[in-house]
Amino acid sequence: MSSPSTHFTTCNLCEAMCGLAVTVEGGRVTSIAGDEQDSFSAGHICPKAFALREVYEDPDRLRQPMRRTANGFVPIGWEEALDEVASKLSAIRRRDGKHSIGIYAGNPTVHNLQALLGYAGFLRALGSRNRFDANSQDANPRLLTSLLLYGEHTTIPVPDIDRTHYMLMLGANPAASGGSLMSLGDVKKRVRGIKARGGKLVLIDPRRSETSDWASEHHFIRPGGDAAFLLALLHVLCAEQKVRWAEVRRLSRDSERIEALVRDFAPATVAEQIGIPADTIIRIAREFAAAPSAVAYGRVGTCQQELGTVANWLIDVLNLFTGNLDREGGSMFPQPAFDLGALGRKVAGSDYARWRSRIRGLPEVGGNLPASVMAEEMETAGPGQIRALVCVLGNPVMSVPNSARLDRALAGLEFMVSLDYYINETSRHAHIILPGRHALERSQYDVVFHALQVRNTAKYSLPVLQPAADSRTDFDILYELSMRLGGLRTGVPLVDQALKLGHRFGLRLTPEHIVDLAVRTGTYGDRFLPGRHGLSLRKLTESPHGIDLGPLRTCLAKRIRTQDGQINLAPQILIDDVQRVRTWLTHTKESGMLLIGRRQLRTNNSWMHNCPSLVKGPDRSALLMNPEDATRLGLTEGQTVQVDSRVGSVTVTLAISDEIMPGVVSLPHGFGHQQAASTLRVAGALKGSNVNLLTDETLLDPLSGTASLNGVPVRISTPPQREATV
Ligand code: SF4
């Protein structure tokens, strides 16, 4: 056996981008530890990183393409599989047009350099408007806000958490998530650091989450109440003349429209409905304005709701009104070495609602339609009906609202292909499954998350393990399919020229070529000048712990892409949408019990439930309920309860805890693998139900199409003596 060797890479499981030191001996991973020298994470690691080895060794993981037959899935060769997929898709496209092929990209796509770059080209080769991605489950309000205010989806401000004196955090749980739309690296040190250096972290969430242990104070808020809360904070700032008008007018236009808008939202008019007392709202507004630096930040709780875009917009307004946008210690814009904006403009465009879904007329955001419409677009006959689906690293049957309906719709498709290395609830419907290489067998550069990090760094990692024989990366797969479907086009002239030329001489484009080109022509690049100091792929390869590019800097003038270089602070569609906040305030009493999700440290995506080390220990699938509600309903700890919504019904175990707000119950995502129990043998043996059998595809933020996965009206009861409907 060869002697052990240590390799440095980046964990790609969540947005934190932790540096890993992976020891390999005889072709096997023998240990995974945090890389103490990593330029961003400084040794931080969470239990999920160890699952990389478990997934690699998982006997349920697919290592070669599979074809579905009447007798189950059987392995086939790569060329046969790719030819068959291309031929089926081409035939359907010829017969029913390019929009008859749907494409869904799951969250792992953006954590995987190979898949991300391959997907960008494949979208163009396919040319369908029936594109969907996981952003419409949790991020579109943020992307749309950035487009409307700054002219680009990817111009996303992040908290300057290392230097802020006051952080107002809404609907986020970085202690469990590792940080999201805010890549943190050394999560624990950074979040705890605010309080440790004398600052204040104020947490607003319907659940007193794990992050509350690191916060100075926590306040419950009724799900969906964020926009009203933020309007009330802005009301206080305007009424008490605490707005930094000179700064606001220097950076933006139309700010006076906001001042007029918030007049109706005095704290006393929203307090009861949102569940936060008026004097607390006033105190937080005053503290925020008085802090030497402050930042408001919202995550999934502010996105997975019917007022998500308004809430995300108001977060930026609050930061700007207090002089904390694009300022040290406030909300700042990263300057990544690989300009995500350039890629984003090619993939997502720079406009909004360029087309709408066929049945409900919901707008595209960033080139994607809401995943909530996928089922109806498959079920409803007529021009533009989705007849085939390409599912890239996603399991929408577990993650899209009313998943039972989507499950049925997938079963009715004429053809489906999944890029996945598990046969899960979604890929079990595929006619062909194409499994890409495991994370440790491929190179990595986090194109997306370097653009969202709280300190500028750049890191490229070589594969840790020798790729398995006859294996393909997701880039290889998507490249091959694109070529078979008529050619790869990125839309970046330089890259397309290189592609054409390379193809003529039998040279193959690789993700490494793209990364090299992007970083060399980017902010810190060497511009291809010999001897010039600057970044290149070679320099990154020589720096296995990553390269620190310094703290966030004031740079809005370089990042903004509005025509006049000013922030478009009061877009008419957002001003108009505040009317829905008013309506929400008058209807809160009628909604009854509301269901929210729950992020857990040991899961990110549903496939992690097939890792024994992540699912061992106590059952984590229970429904959380406040003791007041349990007493009122006559329910007791540990009993089985039935949860009903408009679309479905599940039975789950009840856990009673005052960490959840009265009137609200919580179920985590990703449980309930009974449908795929024979191919996900660890996950399939777990207790729990799929929360998306309850979430409702008709509940969404109409501006961004984002599913309202939080705040779903439900009824809780004792189940009758029969089998659960799951
Ligand atoms: S926090 Fe995220 S990136 Fe870091 S080890 Fe855990 S899963 Fe990986």
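Order of listing sets the numbers, starting from 1, for every ligand and every atom in it.
Between Lys188 and His44, some side-chain heavy-atom pair lies under the 4.5 Å cut-off. Residues Arg620 and Pro668 have side chains not in contact (no heavy-atom distance under 4.5 Å, counting atoms from C-beta outward).
In the vicinity of Leu13, heavy-atom distances shorter than 4.0 Å reach the ligand 1 atoms 7 (S). Numbered from 1 in the order shown, with element, the atoms of ligand 1 that lie under 4.0 Å from a heavy atom of Lys48 read 7 (S). Every atom of ligand 1 is numbered from 1 in the order shown, and the set under 4.0 Å from a heavy atom of Met17 is 3 (S).
How far NE2 of His545 is from NZ of Lys459: 8.5 Å, rounded to the nearest 0.5 Å.
Protein heavy atom at the shortest distance from atom 2 (Fe) of ligand 1 is Cys14 SG, 2.2 Å. Ranking protein heavy atoms by distance to atom 4 (Fe) of ligand 1, first place goes to Cys18 SG, 2.3 Å. Among protein heavy atoms, atom 8 (Fe) of ligand 1 sits closest to Cys11 SG, 2.3 Å.
Ring-plane geometry between His673 and His609 is classed as perpendicular, the angle between the planes exceeding 60 degrees on a 0 to 90 degree scale with a lower cut at 30.
Side-chain contact annotation: Gln335 with Asn456, donor-acceptor N/O pair under 3.5 Å absent. Side-chain contact of Ser666 with Arg207: a donor-acceptor pair under 3.5 Å is absent, judged by distance alone. Between the side chains of Asn610 and Asp58, at least one donor-acceptor pair of N or O atoms lies under 3.5 Å.
Contact annotation for Glu15 and ligand 1: no heavy atom of the residue comes within less than 4.0 Å of the ligand.
Within the coordination shell of atom 6 (Fe) of ligand 1, defined by N, O or S atoms under 2.8 Å, Cys46 is present.
Ligand 1 has Ala49 within reach: a non-hydrogen atom of the residue lies less than 4.0 Å from it.
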